[in-house]
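This structure is a prediction, so every number in the text was calculated from the model and none was measured. The figures that follow rest on heavy atoms only: side chains count, while hydrogens, waters and symmetry mates do not. Counting convention: from 1, in listed order, for ligands and their atoms alike.
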Amino acid sequence: MSDDLLALVAATDTALATATDLRAWDAIRVGVLGKSGSLTEKLKALGALPPDQRRERGAAINRAKDAITAAIETRKAALESAALDAKLSGERIDVTLPPLLAPPGLIHPISRTMEEMAAIFGAMGISIAEGPDIEDDWRNFGALNIPAHHSAREDMDTFYLPGLNGDARRRVMRTHTSPVQVRTMLTQAPPIRVIVPGRTYRADHDATHSPMFHQVEGLVIDRGITLGHLKGCLIDFLREFFGISSLPVRFRSSYFPFTEPSMEVDIGWNRRTGELGGGDWLEILGSGMVHPKVLANCGIDPREWQGFAFGMGIERVTMLKHGIPDLRPFYESDIRWLRHYGFSALAPVALHEGV
Ligand code: PHE
């Protein structure tokens, strides 16, 4: 390498060593390798050389370029890991400290809502069922009376996975908690009383939709269950959950393939202030009487047993109850957000205190 190239490599090394952040690093990179950077200028000058000198000079410039590029990348990695270390040590929490010295851990609002739901429905004699996040097509759709090519499959913007071990049947990230209705009916003899809190997935991402979110399903099957039971159960739940004994609740006829009749449930809410109870309506859940075909698909005789089901978004009711304006921070693990919206782990949900 000629002297001017050796000098440029050395000068770049020195400059990189003094760059303490990525902004300074980038200025150096552009100054050498950018469109009119010092090394780029040398490459451009090659054209003016006689052909016999050009080849040797070109090879030397390329060697210098390799050395400089390697130094620049190494410095970038070092600066990035230093920045990460600084961020991590700034947010460090010593989980081994005794509780009075450490800032106490807090319960995430999603977990808190699930606990409250378990307490309220538990007091009605309803227990908890769970199912896997990865389902097969039949449990997520088919058994629920959503045939192949039904538009509900598109409404739900489904994430698909290939079948396991060469199985041609694709699997689905469950788009709702309703497949656990199917699982429960297939494994438990009626009467059945369950809620199903859990994660659900749809290809949807903006300020009010996340590709992963949470729902709670409800399923009650017994002899002689009517729409009256459904309404009573949900009105009681909503008033207890939101802590407003006169909360207006409206049932509006709707359609789901797996319930007949189907109803959306709205609560009173003020569009302008976001306050609960006010004169506008806000839809918060879907519900209905379990479709006889769904009962039959799951081995339950619809002439003997009837039931109701509902499905509710957990984020939506949590945001409403606590006045949380944005959905995105729910999943960002930002300790400041958790300190603000989290709940004390030492204050368990207790119905007699109100939830
Ligand atoms: N699974 C429906 C949804 O995700 C909600 C629902 C559940 C409706 C049970 C009726 C009965 O939109």
Legend entry - Distance-only N or O hit between ligand 1 and Ser178, under 3.5 Å: yes
Legend entry - Counterpart residues, ring-ring contact (aromatic ring centres under 6.0 Å, His included), relative to Phe310 (two or more places apart): Phe121
Legend entry - Nitrogen or oxygen of Gln181 less than 3.5 angstrom from that of ligand 1: no
Legend entry - Side-chain donor-acceptor contact under 3.5 Å, Arg57 with Ser2: yes
Inset, instruction - Using non-hydrogen atoms of the residue, decide whether His291 is closer than 4.0 angstrom to ligand 1. - result: no
Inset, instruction - Show which atoms of ligand 1 fall inside a sub-4.0 Å distance from at least one heavy-atom site of Phe258. - result: 1 (N), 2 (C), 6 (C), 7 (C), 8 (C), 9 (C), 10 (C), 11 (C)
Legend entry - Atom indices of ligand 1, in the order listed, that fall short of 4.0 Å to a heavy atom of Thr259: 11 (C)
Inset, instruction - Decide whether Phe251 and Trp269 are clustered together by the hydrophobic rule: side chain heavy atoms of Ile, Leu, Val, Met, Phe, Trp, Tyr closer than 4.5 Å, transitively. - result: yes
Legend entry - Within-cut-off N or O pair, His176 and ligand 1, under 3.5 Å: yes
Legend entry - Side-chain donor-acceptor pair present, Glu135, Tyr201, cut-off under 3.5 Å: no
Legend entry - Connected via hydrophobic side-chain network under 4.5 Å: Tyr331 and Phe343: no
Legend entry - Criterion ring pair (Phe, Tyr, Trp, His ring centres under 6.0 Å) on His214 and Phe330, from CA distance to verdict: CA-CA 11 Å; His214 298 77; Phe330 273 85; 8.7 Å; no
Inset, instruction - Check each heavy atom of Phe310 against ligand 1 and say whether those closer than 4.0 Å belong to the side chain, the backbone, both or neither. - result: backbone
Inset, instruction - Please confirm whether Arg202 comes within less than 3.5 Å of ligand 1 when only nitrogen or oxygen atoms on both sides are compared. - result: yes
Taking only distance into account, with no hydrogens and no angle test, what donor-acceptor pairs under 3.5 Å do side-chain atoms of residues 72-81 form with protein atoms, sequence neighbours excluded?
| residue | atom | partner | partner atom | Å |
| --- | --- | --- | --- | --- |
| Thr74 | OG1 | Ala70 | O | 2.7 |
| Arg75 | NE | Leu16 | O | 2.9 |
| Arg75 | NH2 | Ala19 | O | 2.7 |

Legend entry - Proximity to ligand 1 by part of Ser287, non-hydrogen separation under 4.0 Å: backbone
